[in-house]
Protein chains: 2
Amino acid sequence: MPTIKDVAKRAGVSVTTVSRVLNHHPHVTDELTERVLVAIEDLNYRPSRVAQRLRASHSRLVGVIFSDITNPFYVHVLRGIEHVLSRGGSSVLIGNADANTDREASFIRLMQTEDVGGLIIAPTREDSSALASAIEQGLAVAVVDRRMHNIEVDTVVVNNFEGSLKAIHHLIRLGHTRIGIVSGPLHLTTGRERYAGYLQAMADAGLRVDSSLACFGDYRQSSGYELSWQLISLPDPPTAVFVANNQMTIGALNAIHEAGRNIPSDIAVIGFDDLSWAISLNPPLTTVAQPAFEIGVNAARLLLERIANPRRPTYTVVLETELIVRASCGSPVQSKSS
Amino acid sequence: MPTIKDVAKRAGVSVTTVSRVLNHHPHVTDELTERVLVAIEDLNYRPSRVAQRLRASHSRLVGVIFSDITNPFYVHVLRGIEHVLSRGGSSVLIGNADANTDREASFIRLMQTEDVGGLIIAPTREDSSALASAIEQGLAVAVVDRRMHNIEVDTVVVNNFEGSLKAIHHLIRLGHTRIGIVSGPLHLTTGRERYAGYLQAMADAGLRVDSSLACFGDYRQSSGYELSWQLISLPDPPTAVFVANNQMTIGALNAIHEAGRNIPSDIAVIGFDDLSWAISLNPPLTTVAQPAFEIGVNAARLLLERIANPRRPTYTVVLETELIVRASCGSPVQSKSS
DNA sequence: ATAACCGTTGAAATCGTTACCAGAGATATT
DNA sequence: AATATCTCTGGTAACGATTTCAACGGTTAT
């Protein structure tokens, strides 16, 4: 591949001049600019981003670390990130932590050695020391999906509490009183907030929460499956269940079908996170949708701002969820218990 | 961040020696090795991959370009790739071409300026000149999912023809004779091969193919939706439909439910690509599954081999599909037409 | 005793850029 | 007319690593 030297030689100028036209510096005559441009075209030259990254102050590379790239929610966040970043000419280096804190730490490390200009991360825990020290060392970071504990950092989340509240209120409005929840883990803010929304909504309606109806998974499909089986096997099973993320919802649906229960007449189902195929289910799934793409867009913007101005105070952007009513909760039903 | 110089100073050796222990070179005494290791530990030093990439022959970075990262199939391929690559200490730079050839070309360009050691790509067209010239320039490339035309390159695909054949044979065995297909575009090898399997299976059974039952989409959800509406609106609609990829299957399901048709009694559905939620559908979806993870694993291995030995002849790995029979095609039905 | 060789180390060149500094003209200011 | 300022250009030193080359001391072979 041709280098800046080759271009300089062909244009009959110094490498400095080539670098100047490349970076749109002032004080270079039209004639030389033209000659350089022609040489660049002739040689089909593009500057090496590796060399630029080593020398220049900007990096034009951002790292993205997700706990599970298999989750379509994160893929849409990624698209939002990429949408903003590609306009700025940045590339995206991706890491899949697989919900493993050690892997996450080693990816953070990797991102630093790759000299990323910034990092967008959905952390596996809310007190990651690896992340804290990276920020301490001056790495620009934006956190998505989950909040951190004791770490000041730009953050983009949704109003999980409100979303959960909307879901349960919807169920209650339809007449349900025995409402189960397949919650996320309580060590994550999303898990706690969504669970809190459930409790609040029940309390608002003066409904007692039966502790056997609340179970806690790890956001994976398999735990949604197992916990749902557990719920529907109860002597007095819930008439409705709220599942706190998309993957667990898949598992829940699987269990319910396997048990031969009908949705929504035997049990109503409402999920968190919308999915492209939620509308193709039978019956179509009622969900609390998160604006995944916008989460990505906002995170990328926040990150760009912080890179431009590292001393800026930190922001937390909270986006709203949307209750999408389809058919999986049915029409208003009669309460079965007293 | 500390550099190799800081380590050298602290260990009281030259940077050359530090570099030697970093790269496990022979001929460095245990004592110096130990001193360097201690200094590295003390400073918490990690070599800059950017500097390494600029100077060294190896890059430890591979690019991955997909036409649609939103498609879970590609995400699983990506996981397979990452599984192999992370063991080799390589990072993954990702690009989402969005089925756009221009975007694809500019990503290929980007990968070259980022000095990737190799590229894994699911091309948008089978005669990409951008890809051809990149290979010409010595870039190590592995193609996945689709075959290239007139370009010798390592390739990993599945036996699409056979997979399609199995799907249609299954339908025929169940008694169907009016079988529709929502095919992919014929300008892609996957589209052509899967369509050819359909034609062959029909011919094998001595069935006439009604041209109004074959329609051609672009692998996106929306075209699956529209074309399926078209099929079921026919005066004499098919009793079974084969949908040639996962996203179009989502659209098809949506259309069929919207039309109030029952699966499988009104219309049997069989899809291509398995999905984590296929089992959670009602009824669970019968599909032709591709070994997505293994496709990624094989592509990464092929790429690593080629990087190690650029003059090696090109390989094409063809993996087999698996027919996963669930309930969306029902039990054997009586043929409705003569 | 001298030559040849081996193991061990460091100095310096290099990768492809950008940034700093200096210098040459041209123009403006005193 | 002398000086200051401004525009334009190029030489050269970084950035942080690897690689080549030479040198040094110690063994071994002749």
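Chain letters run A, B, ... following the sequence lines, proteins first and then strands; every chain starts at 1.
Picking from D:dC15, C:dT17, D:dG11 the nucleotide with the shortest atom distance to the side chain of A:Ser14 gives D:dG11. Which of C:dT17, D:dT18, D:dG11 sits closest to the side chain of A:Pro47 comes down to C:dT17. Nearest to the side-chain atoms of A:Leu54 among the listed nucleotides C:dG10, D:dG16, D:dA17 stands D:dG16. Closest to the A:Thr16 side chain, of the nucleotides D:dT9, D:dT12, C:dG16, is D:dT12.
Note on A:Asp115 versus A:Arg53: no salt bridge recorded, every NZ/NE/NH1/NH2 to OD/OE distance being 4.0 Å or above.
Each of B:Val13 and A:His58 was matched to the nucleotide of DNA chain C holding its nearest heavy atom; the match closer to the 5' end belongs to B:Val13. Along DNA chain C, the nucleotide nearest to B:Thr17 and the one nearest to B:Ala56 differ in position, and the one closer to the 5' end is contacted by B:Thr17.
B:Gln137 CD: more than 12 foreign heavy atoms inside a 6.0 Å radius. Applying the 6.0 Å contact sphere to NE2 of B:His149 captures no more than 12 heavy atoms from other residues, nucleotides or ligands.
Atom CD1 in B:Ile4 sits about 12 Å away from atom C1' in D:dT19, given to the nearest Å. Between the CG atom of B:Asp115 and the P atom of D:dA17 there is a distance of 17 Å, rounded to whole Å. The CD-P distance, from B:Glu114 to C:dT17, rounds to 13 Å in whole Å. We find that CZ of B:Arg53 is positioned 13 Å from P of D:dA17, with the value rounded to whole Å. Atom CZ of B:Arg60 is separated from atom P of D:dA17 by 14 Å (rounded to the nearest Å). Here D:dA17 presents its C1' atom at 13 Å from CG of B:Asp6, a figure rounded to the nearest Å. A straight line from CZ of B:Arg55 to P of C:dA13 spans 12 Å, rounded to a whole angstrom. At whole-Å resolution of the value, NZ in B:Lys5 and C1' in D:dC15 are 9 Å apart.
Taking the side-chain hydrogen bond (donor to acceptor under 3.5 Å, both in side chains) definition, one finds that A:Gln290 meets it with A:Asp273, sequence neighbours left out.
Listed in residue order, the members of residues 19-33 of chain B having a heavy atom less than 4.0 Å from DNA chain D are B:Ser19, B:Asn23.
For B:Gln52, a side-chain nitrogen or oxygen approaches OP1 or OP2 of D:dT18 to under 4.0 Å.
Of the possible donor and acceptor atoms, one in the side chain of A:Asn298 sits under 3.5 Å from a partner among the backbone N and O of A:Glu294.
Nucleic acid contact for A:Arg49: none, since no nucleic acid atom lies under 4.0 Å from a heavy atom of the residue. A:Val50 comes within contact range of no nucleotide atom at all, as no heavy-atom separation falls under 4.0 Å.
Shown are A:Val21, A:Thr17, A:Val15, A:Asn23; of these, the side-chain contact (heavy atoms from CB on, under 4.5 Å) with A:Ser19 is made only by A:Asn23.
A:Tyr219 and A:Thr190 share a side-chain donor-acceptor pair at under 3.5 Å.
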